[in-house]
Amino acid sequence: MSLTRRKMLRLAGGAAAALPAASVLTGCQDEDGSTGALRKSRAETPAPYKVPLPVPPVLKPTRTQGGVDYYDIVQKRAEVEILPGRKTEIRGYNGLFPGPTLVTRSGRPVVVRHTNELDVPVAVHLHGGRTPPEHDGFPTDLILPGSGWDGHDAHGGDVTKGSREYRYPLEQPAATLWYHDHRMDFTGPQVYHGLAGFHLVHDDAEDNLPLPKGERDIPLMICDRSFTEDGAFDYPAKDPDLRGEYGVTDDFMEGVLGDVVLVNGAPWPVLEVTAARYRFRLLNASNARRYRLALDPGPRSGSAFVQVGSDVGLLGRPVGHDRIQMAPAERFDVVVDFSKYPVGTRIDMVNELDDGSAGKVMRFHVVRKGPDDSRVPTRLVDFEPLSRSAATVTRKFDFNQRSDEGWDINGRMYDPGRDDAVPELGATEIWRFDGDAHHPVHLHLAHFQVLSRNQNDPGPYDSGWKDTVDLESGKEMEIIARFTGYRGRYVFHCHNLEHEDMGMMANFRVE
């Protein structure tokens, strides 16, 4: 397939080539779909809405000393039941998928010690964290397997063997963060095989709001996967052992789309709910798939979703949505009011960007009435909008396919030793993006706000402080970012993980 044909497919909606192999199907064709190719499962997939929704366990500190909480996580292989009656081998944090949830407090530092019992290197990134550079999970700052490593070069990073401590000051407001693998060239397969988990930050301002709490505050990690006949994850890596050649086979370089939607690691699950308000922390943890989430049936009055938070914090005021469009790595903190439905109602959360199996996400079943003293106030937290006049520098970044071999930013593929931007500490800058496909652009360290899309106002899903933004195919946009917290080298990249692994990443260095 020629590059010209690839670009035509991307601009038409991002489908990669349809190859003869039975497991490869073309991706979404409409301009609002996903950039990627579908990997069709060879395993028999279950009927939807049969499995209860699991909730990842909360990890307890192993010790507390000097006002710092210490956690231990072991990265290891495990066999878990994802498809009913079959075992799937995962690479998981504490052998879980998703990994255990960390629940922490703003301003209270934590130290997380990661021990690598896998047979490949790892790096851990706290996505959305304002973190010193040596603890950010730079792609070449690897933890080598404790058993030894004789694979590819470590690219000159800060390498440790066996384990590493990550220190997180958490000098940031309440937000839904997540942690995941960030190993250079192999982030896509390692996240796909299970290396992802929630990290929730709370603060006093959030505690004082009458939002749903406790068992009615539920994180939902949404991702898509495909399975082999024996129930294994089916990822099209060039090197299935993840030790040598990086990247995916040519037919999937646009991105890997699965045909089974998992929520908290379960296929199309069901959650029994009280006729009351619930807070859901939505995370798109897919490698490449975008979602447009809606409720079926929707409520007879009011919005289906009331958004109270974005990627890295609560909004100033709630925003109502009948549907929510999410690119990979984006988070939406929403409240759903099930008191608008009679007891016995079944409500499906659907994905309007797919008319096949990935068009289903999960089901809610209203099974009881109950007391509810929660509400969504008209004002949430103090919010400071950034204006153009605050910016001292404007930069432009083009996200494009370089060739059949990879993706680039401003015509250059990733080099861990090169800096492509050098903002000053404390500076506010405008960054302009455009691209030839759907690219969820993620900045490490720097939180930002969306200024415009196609020289117009921000879109309906751009509210609040963000760390990832959905750059749409063939479109352009502007963000305004604050580079505060720490000096040092960080990365920004496309969070379509196949694009990232195949070159669409760059460094910036805060001076």
Side-chain angles (χ1 to χ4, degrees), residues 1-18 26-38 250-257 284 286-292 323-330 351-355 358 394-413 420 430-443 448-462 466 468-480 492-506:
M1 166 164 278
S2 69
L3 178 61
T4 300
R5 175 62 175 162
R6 285 186 186 275
K7 285 188 174 181
M8 287 174 61
L9 284 169
R10 272 206 311 280
L11 294 174
T26 53
C28 302
Q29 293 291 329
D30 67 286
E31 66 177 9
D32 291 328
S34 301
T35 296
L38 178 63
D250 288 348
D251 39 310
F252 289 99
M253 69 173 296
E254 309 286 345
V256 178
L257 307 177
N284 181 352
S286 296
N287 280 34
R289 184 177 292 281
R290 299 162 76 241
Y291 299 86
R292 185 185 294 148
R323 53 192 43 81
I324 289 178
Q325 190 158 293
M326 301 179 67
E330 286 191 297
N351 170 27
E352 295 181 337
L353 296 184
D354 192 276
D355 57 5
T394 298
R395 307 180 192 271
K396 189 173 188 301
F397 299 99
D398 297 329
F399 291 75
N400 293 291
Q401 184 175 358
R402 180 183 181 88
S403 68
D404 281 0
E405 297 179 356
W407 300 80
D408 66 43
I409 301 174
N410 282 353
R412 297 194 287 186
M413 297 175 73
D420 289 85
I430 293 174
W431 287 20
R432 293 176 178 164
F433 303 140
D434 66 25
D436 61 349
H438 293 293
H439 297 297
V441 181
H442 171 48
L443 275 66
F448 58 81
Q449 298 170 18
V450 177
L451 279 179
S452 70
R453 285 185 178 271
N454 299 308
Q455 302 179 6
N456 295 313
D457 290 340
Y461 312 113
D462 291 333
K466 296 183 63 60
T468 306
V469 70
D470 186 9
L471 176 61
E472 295 177 291
S473 178
K475 305 295 179 65
E476 63 180 13
M477 63 183 308
E478 295 178 304
I479 66 167
I480 184 166
F492 65 102
H493 57 86
C494 177
H495 222 284
N496 178 319
L497 297 183
E498 285 67 56
H499 297 184
E500 174 189 336
D501 284 346
M502 301 183 74
M504 191 166 272
M505 183 160 58

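All heavy atoms count here, side chains included; hydrogens, waters and symmetry mates do not.
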Partner residues of [X] under the side chain to side chain contact (heavy atoms under 4.5 Å, CB included) criterion, sequence neighbours left out:
| X | answer |
| --- | --- |
| Ala358 | Val261, Arg289, Asp354 |
| Asp398 | Lys396, Asn400, Asn410, Asp434 |
| Asp501 | Thr187, Pro189 |

Rounded to the nearest 0.5 Å, what separates atom [atom1] in [X] from atom [atom2] in [Y]?
| X | Y | atom1 | atom2 | value |
| --- | --- | --- | --- | --- |
| Met477 | Phe433 | CE | CZ | 7.5 Å |
| Asn456 | Leu451 | CG | CG | 13.0 Å |
| Ile409 | His493 | CD1 | NE2 | 9.0 Å |
| Leu257 | Phe252 | CG | CZ | 8.5 Å |
| Leu353 | Arg292 | CG | CZ | 4.5 Å |
| Asn454 | Glu472 | CG | CD | 7.5 Å |

Sequence neighbours excluded, which residues qualify as side chain to side chain donor-acceptor pair (under 3.5 Å) partners of Asp470? Arg290
If I compare all heavy atoms of Val441 with all of Phe448, which pair ends up nearest, and what's the gap? O-CZ, 4.5 Å
Closest heavy-atom pair, Asn496 versus Gly255, reported as atoms and distance to 0.1 Å, is OD1-CA, 3.8 Å
Sequence neighbours left out, what passes ring pair (Phe, Tyr, Trp, His ring centres under 6.0 Å) with Phe397? Give chain and number order. Trp431, Phe492
Look at the side chain of [X] and the backbone N and O of [Y], then say whether any donor-acceptor pair between them is shorter than 3.5 Å.
| X | Y | value |
| --- | --- | --- |
| Asp436 | Gln401 | yes |
| Asn284 | Ala327 | yes |
| Thr35 | His438 | yes |

Would you call [X] and [Y] a side-chain contact if the rule is heavy atoms closer than 4.5 Å?
| X | Y | answer |
| --- | --- | --- |
| Ile479 | Leu443 | yes |
| Met253 | Trp407 | yes |
| Asn287 | Pro328 | no |
| Arg453 | Val469 | yes |
| Met502 | Arg402 | no |

Go through Ser452 and Glu478 one step at a time and tell me if the side chain to side chain donor-acceptor pair (under 3.5 Å) criterion holds. CA-CA 5 Å; Ser452 70; Glu478 295 178 304; 2.8 Å; yes
For Glu330, enumerate each residue passing the salt bridge (Lys or Arg N to Asp or Glu O under 4.0 Å) test, keeping only those at least two apart in sequence or located in another chain. Lys466
